[in-house]
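For reference, the structure I am asking about is given below.
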Amino acid sequence: MTEKQFEKLKYYVIAITILFVVGYLLWEHLNGGILSHHLMYHPDYPSISNWWGLLILPFLAWLSTERIEKRITLQPNDAPLRAKILRVVRIGFFGMLILSFVQSFSFSVGYENVAIYLSLGLVVVGLFLPIYRAECIFGYVFGSIVFTGAIIPLIGILVMAGISWFSHVFIKPLVFRVVRPQPQ
């Protein structure tokens with residue numbers, strides 16, 4: 001993929017994200033008003049409007065495409081390596097999108113245990129896979145906007161991504177240093 005093609009793809013991703021959020025907010029507005037969600041699903045805590053999705057999701061779309069572009073341009077002109085990076089990006093995005101959609105749907109229909117187990121499973125998976133990448137965060141928030149808005153999933157995934165980042169930056173190198181025999 002050339003830089004010109006990637007630039008065009010970046011604008012398409014951001015435009016599709018904006019159109020989806022605007023369309024969803026318009027649908028909410030015409031069907032009873034824009035929803036607000038309470039933190040921790042508790043009515044005593046402040047509520048957060050779904051209007052925030054109009055700022056958060058396009059920003060996450062832009063941030064993830066910028067990070068992907070940087071990851072690709074740092075590689076030499078090696079087409080198979082760039083294709084592998086794009087494949088990993090697609091897997092990360094769509095995997096998190098599907099996971100967050102299932103998690104949000106199960107929570108909204110009354111299966112809170114399924115949502116909790118999926119969250120705990122995501123924390124464990126984050127210890128081994130880099131869910132702190134921008135495309136994973138974007139996919140997670142995008143997949144749950146219909147049921148829970150954008151702020152609450154963003155807070156949750158940022159906590160899980162922080163754990164994943166800490167695991168990959170500090171714990172993983174320490175484990176490999178202890179496990180690998182030192183050359184003599």
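On a predicted model such as this, the values are computed, not experimentally measured, just so you know.
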Separation between CG (N50) and CD1 (I145), nearest 0.5 Å, reads 6.5 Å
Between the main-chain N or O of L25 and the side-chain N or O of H29, is there a donor-acceptor pair closer than 3.5 Å? no
dist E69:CD -> I85:CD1 (nearest 0.5 Å) comes out at 12.5 Å
Here the side chain to side chain donor-acceptor pair (under 3.5 Å) pairs for residues 139-156, sequence neighbours left out, are Q103-Y140
The ring pair (Phe, Tyr, Trp, His ring centres under 6.0 Å) partners of W52 (sequence neighbours excluded) come to none
A61 and T17 have their tightest heavy-atom pair at CB-OG1, 3.7 Å
One pair to check against side chain to side chain contact (heavy atoms under 4.5 Å, CB included): V141 and M96. What are the steps and the verdict? CA-CA 9 Å; V141 176; M96 293 295 279; over 6 Å; no
Here the gap from R67 atom CZ to I137 atom CD1, rounded to the nearest 0.5 Å, amounts to 10.5 Å
Parallel, tilted or perpendicular: which describes the rings of F142 and F20, with under 30° parallel and over 60° perpendicular?
-> tilted
Here the gap from L120 atom CG to M160 atom CE, rounded to the nearest 0.5 Å, amounts to 8.5 Å
Fill in: Polar side-chain atom of S167 near backbone of I163 as donor-acceptor pair, under 3.5 Å
no
- Query: Is there a chain of hydrophobic side chains (I, L, V, M, F, W, Y, each step under 4.5 Å between heavy atoms) that links Y12 to V89?
  - Reply: no
Rounded to the nearest 0.5 Å, the CG atom of L55 sits from the CG atom of L60 at a distance of 11.0 Å
Problem - Test side chain to side chain contact (heavy atoms under 4.5 Å, CB included) applied to L9 and T65, step by step - result: CA-CA 9 Å; L9 179 66; T65 54; over 6 Å; no
In this structure, would V22 and Y11 fall into the same cluster of hydrophobic residues linked by side-chain contacts under 4.5 Å? no
Notebook entry, point to check: Do H37 and I151 have side-chain heavy atoms sitting under 4.5 Å apart?
Noted result: no
Contacts satisfying salt bridge (Lys or Arg N to Asp or Glu O under 4.0 Å) that involve residues 135-162 (not counting sequence neighbours) are R71-E135
Taking every heavy atom of H168 against every heavy atom of P173, the minimum-distance pair comes out as O-CD, 3.4 Å
By ring pair (Phe, Tyr, Trp, His ring centres under 6.0 Å), F59 pairs with (sequence neighbours left out) W62
Are the side chains of I68 and F6 in contact, using a 4.5 Å heavy-atom criterion? yes
Using modelled atom types only, decide if a donor and an acceptor are shared between the side chain of S104 and the backbone of V146 within a distance under 3.5 Å.
no
Find out if a path of hydrophobic residues (ILVMFWY) with successive side-chain heavy-atom gaps under 4.5 Å connects F93 to I91. no
The reported gap from CD1 in I171 to CG in L174 (rounded to nearest 0.5 angstrom) is 8.0 Å
Y24 meets the ring pair (Phe, Tyr, Trp, His ring centres under 6.0 Å) criterion, sequence neighbours left out, with none
Single-linkage hydrophobic cluster L63~L158, side-chain heavy atoms < 4.5 angstrom: yes
Requested in this report: Could you please spell out the steps behind the side chain to side chain contact (heavy atoms under 4.5 Å, CB included) verdict for I56 and V21?
Outcome: CA-CA 10 Å; I56 291 171; V21 174; over 6 Å; no
All heavy atoms of S164 vs all of P130, minimum pair found to be OG-CA, 3.8 Å
Do F147 and F105 have ring centroids that are under 6.0 Å from one another? yes
Closest non-hydrogen contact found for K70 with T73 is O-OG1, 3.2 Å
Closest heavy-atom pair, S100 versus G139, reported as atoms and distance to 0.1 Å, is OG-O, 3.7 Å
Original post:
So do L57 and I18 actually touch side chain to side chain, heavy atoms under 4.5 Å?
Top reply: no
Should V114 and I98 be regarded as members of a common hydrophobic cluster, given that ILVMFWY residues are connected when their side-chain heavy atoms come within less than 4.5 Å of each other, either directly or indirectly? yes
*Salt bridge check: are E7 and K10 linked by an N-O gap of less than 4.0 Å?*
yes
For E112, the salt bridge (Lys or Arg N to Asp or Glu O under 4.0 Å) test, sequence neighbours excluded, returns none
